[in-house]
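Reading through the structure tokens given below for one structure.
Within every chain, numbering begins at 1; the chains are lettered A, B, ... in the order of the sequence lines, protein sequences first and strands thereafter. Given the structure is predicted, the values throughout are model-derived calculations rather than measurements.
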Number of protein chains: 2
Amino acid sequence: MTRQHDRRKVTLKDVAAQVGVSHTTVSNAYIRPGQLSAALRERILAAAQELGYTGPDPAAKQLATGRAGALGFLFSEDLPYAFSDPAILSVLNGVAKSCDDLETDLALISAGSNLRNRAAPVSLGNAAVDGYILYSVAPDSRCVLMAQQRNVPLVVVDQPRLSGVPYVGIDDRDSARRAAKTLLDLGHRHFGILSLKTAHDGYSGPLTAMRRANIAHSTIAMRLEGYLLALKEAGIAPEDVPTWEIPINSEEMGAEAVRHLLKQPRRPTAILAMSDRVAIGAMGAIRSLGLRVPKDVSIFGFDDIPAAQTHDLSTIRQPHERKGSEAVRLLGAGNGGENVILETELVLRGSIGTPA
Amino acid sequence: MTRQHDRRKVTLKDVAAQVGVSHTTVSNAYIRPGQLSAALRERILAAAQELGYTGPDPAAKQLATGRAGALGFLFSEDLPYAFSDPAILSVLNGVAKSCDDLETDLALISAGSNLRNRAAPVSLGNAAVDGYILYSVAPDSRCVLMAQQRNVPLVVVDQPRLSGVPYVGIDDRDSARRAAKTLLDLGHRHFGILSLKTAHDGYSGPLTAMRRANIAHSTIAMRLEGYLLALKEAGIAPEDVPTWEIPINSEEMGAEAVRHLLKQPRRPTAILAMSDRVAIGAMGAIRSLGLRVPKDVSIFGFDDIPAAQTHDLSTIRQPHERKGSEAVRLLGAGNGGENVILETELVLRGSIGTPA
DNA sequence: TTGTACGCGTTATCAA
DNA sequence: TTGATAACGCGTACAA
């Protein structure tokens, strides 16, 4: 244990002693360069360099100022899974850019893997942050409570709606409804829905009535509602719409699930998918079954991730990056319950057409 | 600015006053439950709850103990790009798991986007961490210097080799050599190489002699060396091996690059790709050109990401997760310059065969 | 089992 | 322009 890091930490005081000034002056040299003569500042900085002083200690600075200069981004998924989702990445990108502008650090905190091992992620309570962005966290997650207890500003993106906490999201129900309506207008009458997970139990299969009544994620619930609402308005009963639930938002899962949907007695001519990844996976499976898109089966995604364009997939465009930047803005704004509902956009591409 | 968070912070002292004990006792209630009667501890915790005390302040605790309870993971790419790379994700997963075991937080720090806007990422200097893992950072990056200046333990994964700093990596040269040798043994004589970026200038095109002489990433240099070494041993001169450099590790880039390689006067029968993503993209392009894999063109990847298996791609398996966990271990071990070179494994699948 | 006193490294206030 | 002094909130010998 003879590593260099063990040598007693060099502090402001050491530098001050070396130069022969008070530690306050040294502090000013860093914080308020205008408050002292340039010559003295030079001498101080030179001495600091010589002594190996690398600037104010973060912890001490934070204790003195009361600000951490960082912000926490909390999501409930595992790291690897979360980062395989282009949608999360876009949001994160928006957050990162805004943080950059604000000269603020960004701490990524995954509640997913932690929750399994411990009662609560240490990160949440310990992290030196001035505020949290909760991204698509399950409402019943312990994280929500913990984050609130931290007594720092909070902003929620997508999930869950918390009273008194600013919210950034989209109108999921209306967006889903417009997607369904588009297919209805093309003349489709036989639908299938690919739903994202309604609970955290890894279930894969038909979305039962019981499960439908207990959807943990409000965005999922809203999208489903939007789809079914449009169909109902067109005289199609929810019971007649085969719906398959997928535990993981991936292409593979989408491919597998759509096969079940296409096995229905009345094969759907239109598929409503709750994400582009699922839709893209489904498109591949549809084609490998010898069916054509959109001739035999039309398909509609959700998100408008980059891959949607290359796959010519019709979808709902979400302003992912803006979700992130708005979240940071609200965190800084510090007002109580302002909500931001961002506009979505219907993106029509070659994956939809009139039924055969 | 009338948010609840403005109310003066509740401290140990407040709780102590409420209960009528000293602040030390309250501290013990949290840190050393055994040091006081269960009954008193209950009373203290109850009072804390009532007062809204959420546990010791992270900054103050860190200042007093000298430990942050967190570790920084530094990479030089942009967040969205980094997280689209399955290899990074696996490493990160290994790190995350180890952190979890150690009850340590994990701060992800991207130097990429920051470096563009500022002289240096604030994160690096500010982050409240007890040590840094530098993951595949360019040797000439300012981050390297900054991280060293922070005067906390460092561990490097993959890049760059720093004297006195523990290193975790693989034998890139030997791994690449084995890949090339495998193809040589199958009888191939005409090769093409798909190289990852040798500099940060976004260059895409033939790897010129000038660029070859100034490769910024040692892993890239080593892999190239390994390939060419094997070929040279078989009597094939480096000049006769068309090599295409790709600025971004993505399927799209691999697809585009391989087209140039296949346009060579002597079409290569074997392609050596420095990553699976590039190889997988290339496979698609090869097939869309009407060529068969491996009948017309054999291809060898690097990494063994999950997709390699589904694409039946021969590759070099890297123990990505172990890279992460070893890095954390070395950080904790705290010894000076111990290096860990992990074993790779030749994974032979259907993407290679004898030349036509 | 509980309390006193001090130190951690910095910033902020105010006086010189 | 510079410096003394007091927080900031907590951990921890050591004493009681």
Could you walk me through whether Arg329(A) and Glu338(A) pass the salt bridge (charged side-chain N to carboxylate O under 4.0 Å, His left out) check? CA-CA 11 Å; Arg329(A) 188 181 66 75; Glu338(A) 184 187 346; 3.7 Å; yes
Given 3.5 Å as the limit, does a donor-acceptor pair link the side chain of Tyr167(A) with the main chain of Asp158(A), or not? yes
Donor-acceptor check, side chain of Gln159(B) to backbone of Ser218(B), threshold 3.5 angstrom: yes or no?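 Present.
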Side chain to side chain contact (heavy atoms under 4.5 Å, CB included) assessment of Asp14(A) paired with Tyr53(A): CA-CA 9 Å; Asp14(A) 300 318; Tyr53(A) 179 69; over 6 Å; no
Can you check whether Thr25(B) has a side-chain N or O nearer than 4.0 Å to OP1 or OP2 of dT2(C)?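 The answer is no; no side-chain N or O of Thr25(B) sits under 4.0 Å from OP1 or OP2.
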Describe the nucleic acid contact of Gln62(B) in one word from base, sugar-phosphate, nothing, applying a heavy-atom distance below 4.0 Å.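 It contacts nothing in the nucleic acid.
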Under 4.0 angstrom, heavy atoms only, what part of the nucleic acid is Leu36(B) near: base, sugar-phosphate, or nothing? sugar-phosphate
Calculate the interatomic distance between Leu63(B) atom CG and dG7(C) atom C1'; express it in whole Å. 9 Å
B/S/- along nucleotides 10-16 of chain C (protein heavy atoms under 4.0 Å) is BBB----
Which residues satisfy the side-chain hydrogen bond (donor to acceptor under 3.5 Å, both in side chains) test with Arg322(B), sequence neighbours excluded?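 For Arg322(B), the residues satisfying side-chain hydrogen bond (donor to acceptor under 3.5 Å, both in side chains) (neighbours in sequence not counted) are Glu326(B).
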Could you walk me through whether Asn28(A) and Gln35(A) pass side-chain hydrogen bond (donor to acceptor under 3.5 Å, both in side chains), step by step? CA-CA 7 Å; Asn28(A) 281 333; Gln35(A) 296 293 311; 5.9 Å; no
